[in-house]
Amino acid sequence: MDNFAARLIRSTARTGLLPSKSDGGYASTYFLFMLILLSSLVLGIGFYLQSGFQALVRFHHDNSISTELNRITAGVIDSIRNDPSPGIQCFGDQVWAWQGKARNDYTVNIIPVSDRLNLNFSRKNIFDKTSLSLLFMPGKTSADLQQYREDYGLFLSPSAYEGLFLQANLEQYFSCYGWANINLIDEFAARSLARSLTGSDDAAERLRDTVETLLLNRRAASPGDLRALFGINYGEFFPFINAEPLMNINHIDPDLLRELLAYPDYGIESPEARLSDILARREAEGIARAGIPLILGVPPDSPLLHYLGSVTWFWEITVSNGRKTLRTVLCGLPPESYSGFSELYADGPRPEGTVEIEYQIIEQRYL
C-alpha cells in the first residue's frame with residue numbers, strides 16, 4: 001500500500017496535478033493559496049453572519065413596531081367599547097382623546113366612516129331633490145348611479161365609483177361602510193344585496209317587493225317588524241339590513257346634514273337655523289337620539305329620523321409611525337333583541353342604554 005501511494009504521488013506530480021517537490025516555490029505558493037482560501041472563507045462567513053444579524057435586528061424592530069401598533073389600536077377600540085354612554089356617541093367621548101395623538105412617533109387617526117351617504121344603497125331622490133346632485137361628475141346623474149350598481153353590483157370601497165364622482169367628494173361625503181336601512185335603501189340595491197347574502201333570486205325579488213311596498217304605502221318599518229318582513233330569510237338579512245338610523249347626527253359632515261335638513265319632503269322649518277343649533281349642541285355636549293325630533297321640529301315618525309340617530313356603526317382606526325401603518329375597521333352590531341322595548345320604539349326612540357352595542361373587528365391589515 002505504501003509503494004502504491006508513493007507511485008501515485010510521483011505519477012500526479014509528472015502529470016502536473018500536484019506541484020513537484022523539486023519546485024522551489026511549491027511551499028510558498030501552496031501556503032499563499034491556502035491563506036487566500038481561508039481569508040475568503042472567513043470574510044464570507046463574516047458577511048453571512050453580519051447579514052443574518054442585521055436581518056434579525058430588522059425582524060425584532062418590525063415586530064416591536066407591530067406590537068405597538070396593535071397595542072395602541074386595542075386602546076382605541078377599548079375606548080369605544082367602554083363608552084359610559086354608548087347610545088350617545090359624540091366628540092366629547094373618551095375615544096376622541098386618541099385623535100391625532102402622537103406618542104413615541106405613533107399617530108392615531110379615527111374616522112366615523114358610516115356617518116356618510118352609502119353609495120351602495122342610497123336612493124335617487126336624495127340626490128334629485130337636493131344640491132347633492134352637484135357632487136356628480138359633469139354629465140352624470142342619480143340614474144347613472146342606480147344603473148352602475150345594477151351592472152356591476154355593490155362595492156366595499158367608494159373608489160369604485162370614481163367614474164361618477166370627484167375623488168375629493170368621494171372621500172368627504174360618501175362611504176361603502178354601513179348597514180342598509182330597510183326604509184331608505186333603493187329597491188334595486190336591496191335586490192342585489194339580498195342576492196349576495198342568500199344566493200337566491202327568489203329571496204332577492206321578495207325583498208325588492210317588500211321595500212317597494214313600504215315605499216308605495218309610505219309606511220316605515222320598525223325593528224320589531226323585521227322578522228315578519230324578512231320571513232325565512234331573517235337570519236341571512238339581519239343585521240345587514242335593519243331599521244336603525246344610518247348616520248350619527250353628532251358626527252355627520254355639516255354640508256351633508258344641511259342637505260338632509262333641506263330635503264323638501266321632510267318639511268323642516270328654518271333648516272339653516274336648526275343646522276346652527278345642531279352644530280352648537282353637538283360641540284358642547286352631544287345630542288341624544290331621544291332629543292333629535294324636538295331639535296328638528298318633526299314628529300317621531302319622520303322619515304328623516306331613519307337617517308339621523310346618535311350612534312356611529314362603523315369606525316376606521318389608523319395607527320402609523322411613518323414606516324408602518326395598521327388600519328382597522330370596527331363595526332357595531334345593531335341589537336337584535338329589544339328586550340320588550342319594541343312596542344315603545346314604535347311610538348318613538350327607545351330609552352338610551354336599554355341595549356348595549358357589540359363591536360367586532362371586520363378588517364385589519366398592515367400598510
Side-chain angles (χ1 to χ4, degrees), residues 76-96 98-99 110-118 121-122 175-185 220-224 226 238-254 256-257 260 278-279 281-296 298 300-317 328-339 341-342 344-346 348-362:
V76 177
I77 293 174
D78 284 344
S79 295
I80 296 174
R81 284 177 170 158
N82 298 322
D83 185 351
S85 57
I88 311 173
Q89 295 176 334
C90 61
F91 285 111
D93 290 346
Q94 57 189 2
V95 65
W96 292 104
W98 291 93
Q99 177 71 336
I110 303 169
I111 303 175
V113 288
S114 57
D115 298 326
R116 306 172 180 182
L117 278 182
N118 193 318
F121 308 134
S122 296
S175 175
C176 289
Y177 289 103
W179 306 120
N181 183 301
I182 192 171
N183 301 301
L184 296 174
I185 188 172
S222 71
L226 296 181
F238 188 88
F240 302 98
I241 310 168
N242 55 64
E244 297 291 334
L246 295 180
M247 293 176 279
N248 187 345
I249 195 172
N250 295 293
H251 293 156
I252 185 175
D253 184 275
L256 183 54
L257 179 58
L260 289 176
I278 290 171
L279 296 181
R281 287 173 181 265
R282 75 183 196 177
E283 184 71 23
E285 58 183 357
I287 300 171
R289 181 174 176 181
I292 295 177
L294 182 62
I295 294 172
L296 297 179
V298 298
D301 61 351
S302 170
L304 182 54
L305 299 179
H306 295 296
Y307 274 112
L308 301 175
S310 58
V311 171
T312 294
W313 298 108
F314 288 76
W315 302 79
E316 180 185 88
I317 303 162
T328 303
V329 178
L330 184 75
C331 87
L333 299 176
E336 183 174 6
S337 172
Y338 283 79
S339 305
F341 288 100
S342 58
L344 198 156
Y345 181 89
R350 67 180 180 273
E352 301 292 347
T354 56
V355 181
E356 292 188 1
I357 299 170
E358 179 185 349
Y359 289 94
Q360 292 184 0
I361 294 174
I362 59 169

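These numbers come from the heavy atoms of this one structure, side chains and all, not from hydrogens, waters or symmetry mates.
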* According to the interplanar angle, ranging from 0 to 90°, do the rings of His251 and Trp96 count as parallel (below 30°), tilted (30 to 60°) or perpendicular (above 60°)? ->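 The arrangement is perpendicular - the two ring planes meet at more than 60°.
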Whether [X] side chain and [Y] backbone form a donor-acceptor pair below 3.5 Å:
X      : Y      : result
Asn181 : Asn183 : yes
Gln94  : Ser79  : yes
Glu244 : Pro334 : no
Trp179 : Gly332 : yes
Ser175 : Val113 : yes
Asp83  : Ile80  : no
Trp313 : Pro245 : yes

* Asked: How would you list, by chain and number, every residue that makes a side chain to side chain donor-acceptor pair (under 3.5 Å) with Tyr307, sequence neighbours excluded?
  ->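 Side chain to side chain donor-acceptor pair (under 3.5 Å) list for Tyr307, sorted by chain: empty.
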* Asked: Knowing that exactly one of Ile88, Asn248, Ile252 qualifies, which makes a side chain to side chain contact (heavy atoms under 4.5 Å, CB included) with Arg282?
  ->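 With Arg282 as partner, Ile88, Asn248, Ile252 yield a single side chain to side chain contact (heavy atoms under 4.5 Å, CB included), made by Ile252.
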* pair Leu296-Ile278: side-chain heavy atoms closer than 4.5 Å ->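 The answer is yes, as the side chains (C-beta and beyond) meet within the 4.5 Å cut-off.
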* **Where Pro112 and Thr312 come nearest, the two heavy atoms and their spacing** =>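 Heavy atoms of Pro112 and Thr312 come nearest at CB-CG2, 3.6 Å.
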